[in-house]
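Worksheet: one structure, shown below.
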2 protein chains.
Amino acid sequence: MGTIYDLAKKTGFSITTVSKALNNYKDVSDKTRAKILQAAAEMDYLPNAHAQSLSTKKSWAIGVMFSEANEVGMKHPFFNGIIESFRHATEEQGYDLIFASRNLRNRDMSYLEHFKHRAVDGIVVICSDRMDEQVQELMRSDIPIVVVDMDSANCSVVYSDNIEGARLAVNYLYELGHRKIAHIAGDETIDAGAARIKGYELAMQELDLPIRPDYLVNAGFFSVEEGKQAMERLLELDDQPTAVFVAGDQMAIGVIEAIHEHGLHVPNDISVIGYDDIEMIQYITPKLTTIRQDTDEIGEAAAELLLEQMTAKERLTERRVIPVRLVERASCAPVKQ
Amino acid sequence: MGTIYDLAKKTGFSITTVSKALNNYKDVSDKTRAKILQAAAEMDYLPNAHAQSLSTKKSWAIGVMFSEANEVGMKHPFFNGIIESFRHATEEQGYDLIFASRNLRNRDMSYLEHFKHRAVDGIVVICSDRMDEQVQELMRSDIPIVVVDMDSANCSVVYSDNIEGARLAVNYLYELGHRKIAHIAGDETIDAGAARIKGYELAMQELDLPIRPDYLVNAGFFSVEEGKQAMERLLELDDQPTAVFVAGDQMAIGVIEAIHEHGLHVPNDISVIGYDDIEMIQYITPKLTTIRQDTDEIGEAAAELLLEQMTAKERLTERRVIPVRLVERASCAPVKQ
DNA sequence: CCTCTTCCCGAAAGCGCTTTCGGTAATTTG
DNA sequence: CAAATTACCGAAAGCGCTTTCGGGAAGAGG
């Protein structure tokens, strides 16, 4: 492969000139540039990224961090869509993504430390847990950062319009004639969970429907199992809801399971609407009606906000709320008389 | 944050000694080491990874490349499990993962070039397409590499025991009384597809069952839609199979859909067995019986093989075949008389 | 023909770290 | 107590690149 020095020797120019030719400086003639480029191609020359970063202080790398309760990492059916889209958008600008470990040869360090060590140009964190100390630390730092799925006044954030999404769901059920609408919620320590609860309550008020405490059950951290358990609690009620708005698709899967095991039918006995629109829910029975979050757009927006900061070389704090929409499938039906 | 030079000034030692203290050289006394470490902690000193890599020629980074037909990247429900497990295993050793773009500031380069540019210590490629020229190039290079889900004599590889998996599936159906067993296959250009076909044929022979060309249908690249179309072709047959072994879970979902749309019942009319055991299939109706590939173990094995090469600093060519097992759920039933 | 620009190019310092090698002081050995 | 180890530390070169700044050559202007 060779170094820039080899290239200089081969072409007879100084390494300064070679470097300039490679980097499109204008104070090198077309002729010598051509020669150098040709020689570079011949010897398969590639600049060493580390050396470049060392001298330019720009690494062309973006650090990514996941922070979610269930520790599934890239298997997360919603977050991985966002990351994939984010990757596409940043790739176009020449950035690489680096998934940092928290382990530097036996010494374990924080993500912030690791990212500083790696000298990344920016950080994207996909976070559901607002209490995560590691995330807090990242947000306090002065590295360009964008946080996805969480709100904060101190840095650029992007998330879906959860309030509107919840309202969409409740209104839809209302229009189907439902009045006893329950909400199986995500934990309030998670922004998305809290916002959807708020949206639910708002919508219920707007519709002059009572907000019954027994119709609002916290199902924790969005897993199938937790959804199932939450639904079982609703099914124990004397006065059962006729429809339930579930804060996440995975939970909704558990919800439907619970309903079926109880000998009831979705949607004939109970209507269920989910949130996220992850891939698998179009294959379950019944196909789940849900509020779709646009992972593509979220990822792109995140990339945009981060790139903006990286080129501006200053910390910005923009908030981008991505619209959601209702996807009608087969898990909701008009209320029985 | 400061550099090693600041640390030297602060402690009064030379940068040589500081570096040695930080790197646990033994020719520095415990006392001075303690002083230096303390000072380092006080000023939040972190070594610059680029400078380190430049001088040690070790980057503590592993390049990862995905190569699959459907371009879903990290959304791939099977591959992302492998990558997640791989990440865990390499993280423990202090390695970071880098997802390279193919774009270096307008100049687009091959993955190999990019990985050389980044000076990664090793490469993991998760590959289904054996014709991918980029992958070929990587395999020809001299960087430590491990390839997942594909076979090759030229580098370390890890994949599931597809032949045995197919055999397991066919035998299972046979034991349920099925004799008309079809195979909806992945494309033969994909190793996994080819191997499962081979396993299917082998098993059929062993059971003295005829291998009918019309019972072996190529469904391409493992998507739901392709599976559905393939099943539709089987359903057009005068002499329909009573059971079908599908080379991938996603295809199996499409297969079941086709059967249902045809007014038939799974498993009462036709038994279906899949391959992979991706998460979502336990939530569909009926829950899919399948051959489970152990993504955790595959990822770990890949990490092991790669780490081995990286520490040995030489290219090894070990082959690791991971066992599979049958997971019985509800999509197969005894044949109707 | 001389001066002033403009165009090209290169010397050298610097980015932050590692590692070889040699040297001094302290310690051990006989 | 002299000689031989041993323990500890630092000068300096090097990793591969960028960028400032100055200087020479060529062209433009008077």
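Just so we're clear, the structure is a prediction, and the values are computed from it rather than from any experiment. Residue numbers start from 1 in every chain, and the chains themselves are labelled A, B, ... in the order their sequence lines are given, proteins ahead of strands.
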Quick check for you: among [options], whose closest atom lies nearest to any side-chain atom of [X]?
X: Tyr25(B); options: dT18(D), dT19(C), dG16(C); value: dT19(C)
X: Thr16(B); options: dT20(C), dG16(C), dC9(D); value: dT20(C)
X: Gln52(A); options: dC17(D), dC21(D), dT18(C); value: dC17(D)
X: Thr3(B); options: dC17(C), dT18(C), dA11(C); value: dC17(C)

Would you tell me if any nitrogen or oxygen in the side chain of [X] comes within less than 4.0 Å of OP1 or OP2 on [N]?
X: Lys58(A); N: dT18(D); answer: no
X: Ser29(A); N: dC9(C); answer: yes
X: Asn48(B); N: dC15(C); answer: no
X: Tyr5(A); N: dG10(C); answer: no
X: Lys20(B); N: dC17(C); answer: no
X: Thr56(B); N: dT18(C); answer: no
X: Thr17(A); N: dG10(C); answer: yes
X: Thr32(A); N: dC8(C); answer: no

task: Please figure out whether Asp27(B) or Ser55(B) has its closest DNA chain C nucleotide nearer the 5' end.
output: Ser55(B)

- prompt: Any side-chain donor-acceptor pair under 3.5 Å between Asp296(B) and His88(B)?
  reply: no

query: Does a side chain donor of either Ser128(B) or Asp149(B) reach within less than 3.5 Å of an acceptor in the other side chain?
result: no

What's the [atom1]-[atom2] distance between [X] and [N], to the nearest Å?
X: Arg33(B); N: dC8(D); atom1: CZ; atom2: P; result: 9 Å
X: Ile15(B); N: dA13(D); atom1: CD1; atom2: C1'; result: 11 Å
X: Leu22(B); N: dT18(C); atom1: CG; atom2: P; result: 7 Å
X: Lys31(B); N: dC8(D); atom1: NZ; atom2: P; result: 10 Å
X: Ile36(A); N: dG10(C); atom1: CD1; atom2: C1'; result: 12 Å
X: Tyr45(B); N: dG16(C); atom1: OH; atom2: C1'; result: 7 Å
X: Phe13(B); N: dA11(D); atom1: CZ; atom2: P; result: 13 Å
X: His50(B); N: dC17(D); atom1: NE2; atom2: P; result: 15 Å

Between [X] and [Y], is there a side-chain N and carboxylate O pair less than 4.0 Å apart?
X: Arg320(A); Y: Glu300(A); value: no
X: Glu137(A); Y: Arg140(A); value: no
X: Glu84(B); Y: Arg87(B); value: yes
X: Arg315(B); Y: Asp142(B); value: no

